[in-house]
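See structure below.
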Amino acid sequence: MNRFVVRSVMRGLINCRSYCSSSICIGNGQVYRSAIVGRSLQLSGQRNGVAFGGFEWRMMMSSSPASVEKATSEKEDKTENSVKEETKENEVMAVSYWGISRPKITREDGTDWPWNCFMPWETYKADLSIDLKKHHKPKNFTDKFAYRTVKLLRVPTDIFFQRRYGCRAMMLETVAAVPGMVGGMLLHLKSLRKFQQSGGWIKALLEEAENERMHLMTMVELVKPKWYERLLVLTVQGVFFNAFFVLYMLSPKLAHRIVGYLEEEAIHSYTEYLKDIDGGAIENVPAPAIAIDYWRLPKDATLKDVITVIRADEAHHRDVNHFASDIHFQGKELREAPAPLGYH
């Protein structure tokens, strides 16, 4: 029997097979209890890192000291922290992976620029010296058709909004921002098809559309549209966009003439708006921050100042569209005449 035991011990020392995870381990002053779960052929263990052999039991260790639980908890905390750090690094990489980031932009006084929808170099001071009373007299059938069409469209607008010029202006801007976008888009496609320059008219019309959109963003700050007004906007925009798209494809000169007369009506509407402000029917509230930055208005600007600069913009759009229509009436293309870039 002793010979068998000695032989087993020697075999274990020679093979150096030690299963610390399934053994009775004694080391560093800590004792681990184990439970027998398997076969009994060889005893294996470890004392201070030295293996000893015998019969083998497959065991499941369970540690009792609190220090072991503490070590396990600390390990889990480290793992969780490392996962959080890795996640955070991945998020940063996802944002900056393409190297796209907005540089720090400030106002002239050094404060941070608060807007993402437009930049400081896109702001301007409106030209208030423009002639507001200029009118294109209808000369031929196309002009008369355009003029009467616009006058006809004004009737339901007057009935629905009456003298609620805030809501009226909001609705007007949702329509006025469409022609420039449609015209610019179609000229863009034409330029691609024919391999021709546009003479700057693509950019000019898109500038007009963007300027009208900024009018709308300003009016939304002043007038909160009701649910049925939002529904009306969806309906009118859907109908007008498709109708104007087809019209511009068929006759650009008629399309621009209609827009010119629409801008004349816009000037009239904003003039009436100003009359109600001066008469006290509409409160002359402080100007929205977006309007102050976009038109470079003084800090103490009011609603009257905002409506005044918007009306001047509409007068410039009137001139641009009547000018574009005149170019077509002369049998030329827009690219043959210089586009009024930056002409608000």
Side-chain angles (χ1 to χ4, degrees), residues 107-109 111-134 154 157-158 161-181 206-226 229-230 233 237 259 262-321 342-344:
R107 294 190 178 100
E108 293 180 356
D109 58 3
T111 58
D112 291 338
W113 184 255
W115 312 105
N116 289 326
C117 53
F118 65 98
M119 294 294 112
W121 52 85
E122 296 173 333
T123 64
Y124 64 98
K125 288 186 177 181
D127 179 16
L128 303 181
S129 63
I130 190 169
D131 186 2
L132 301 173
K133 297 181 179 180
K134 191 183 297 184
R154 179 179 170 177
T157 305
D158 289 342
F161 292 107
Q162 298 180 0
R163 297 198 68 83
R164 293 184 298 127
Y165 286 107
C167 297
R168 185 192 189 106
M170 181 195 64
M171 172 62 69
L172 179 66
E173 298 302 343
T174 62
V175 172
V178 171
M181 179 59 65
L206 293 181
E207 280 183 354
E208 177 185 316
E210 175 64 13
N211 184 245
E212 296 285 9
R213 191 184 67 84
M214 289 304 300
H215 293 177
L216 176 62
M217 296 299 102
T218 301
M219 296 309 301
V220 169
E221 294 291 326
L222 297 168
V223 181
K224 303 301 181 183
K226 299 179 176 60
E229 291 173 337
R230 289 178 178 272
V233 167
Q237 187 184 78
V259 177
L262 282 174
E263 299 296 353
E264 290 184 16
E265 290 299 324
I267 295 171
H268 172 76
S269 296
Y270 282 118
T271 299
E272 295 297 315
Y273 199 162
L274 289 172
K275 288 180 180 179
D276 281 0
I277 294 175
D278 292 335
I282 299 176
E283 183 181 1
N284 191 21
V285 298
I290 190 172
I292 291 175
D293 284 336
Y294 184 70
W295 283 285
R296 301 179 189 174
L297 298 173
K299 298 298 182 182
D300 58 348
T302 62
L303 174 60
K304 181 177 180 179
D305 299 318
V306 174
I307 301 304
T308 300
V309 295
I310 291 178
R311 183 179 63 173
D313 286 347
E314 304 295 1
H316 286 85
H317 299 160
R318 171 203 64 193
D319 294 350
V320 169
N321 281 278
Y343 185 75
H344 295 290

If we only count heavy atoms from C-beta on, is the [X] to [Y] side-chain gap below 4.5 Å?
X	Y	answer
Y273	L303	yes
R164	M171	no
E272	K275	yes
R318	I130	yes

Polar side-chain atom of [X] near backbone of [Y] as donor-acceptor pair, under 3.5 Å:
X	Y	answer
R311	L274	no
D112	P114	no
D319	H316	no
N284	K304	yes

Next on the checklist: My understanding is that only residues two or more places apart in sequence, or in another chain, count here; which of them pass side-chain hydrogen bond (donor to acceptor under 3.5 Å, both in side chains) with W115?
Outcome noted: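 Only D293 meet the side-chain hydrogen bond (donor to acceptor under 3.5 Å, both in side chains) criterion with W115.
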Checklist entry - Quick one: side-chain hydrogen bond (donor to acceptor under 3.5 Å, both in side chains) partners of S269, sequence neighbours excluded? => result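 Checked S269 against side-chain hydrogen bond (donor to acceptor under 3.5 Å, both in side chains); matches are R168.
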Roughly how far, to the nearest 0.5 Å, is the [atom2] atom of [Y] from the [atom1] atom of [X]?
X	Y	atom1	atom2	answer
I310	M214	CD1	CE	10.0 Å
E210	C117	CD	SG	8.0 Å
E314	I307	CD	CD1	10.0 Å
M170	M217	CE	CE	10.5 Å

Next on the checklist: Set out, in order, the CA-CA distance, both residues' side-chain angles and the distance that settles side-chain contact (heavy atoms from CB on, under 4.5 Å) for N211 and H215, then state yes or no.
Outcome noted: CA-CA 6 Å; N211 184 245; H215 293 177; 3.3 Å; yes
Checklist entry - Charged N to carboxylate O under 4.0 angstrom, E108 versus R296? => result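 No salt bridge links E108 with R296.
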Checklist entry - Which of these, W113, W121, Y124, sits in a ring pair (Phe, Tyr, Trp, His ring centres under 6.0 Å) with Y294? => result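 It is Y124, the one option of W113, W121, Y124 that forms the ring pair (Phe, Tyr, Trp, His ring centres under 6.0 Å) with Y294.
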Next on the checklist: Quick check on K224: does its NZ atom have over 12 non-hydrogen neighbours (other residues, nucleotides or ligands) under 6.0 Å away?
Outcome noted: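 Above 12, so yes.
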Checklist entry - Counting only heavy atoms not in R230, do more than 12 sit closer than 6.0 Å to its CZ atom? => result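 Check fails, neighbour count at 12 or below.
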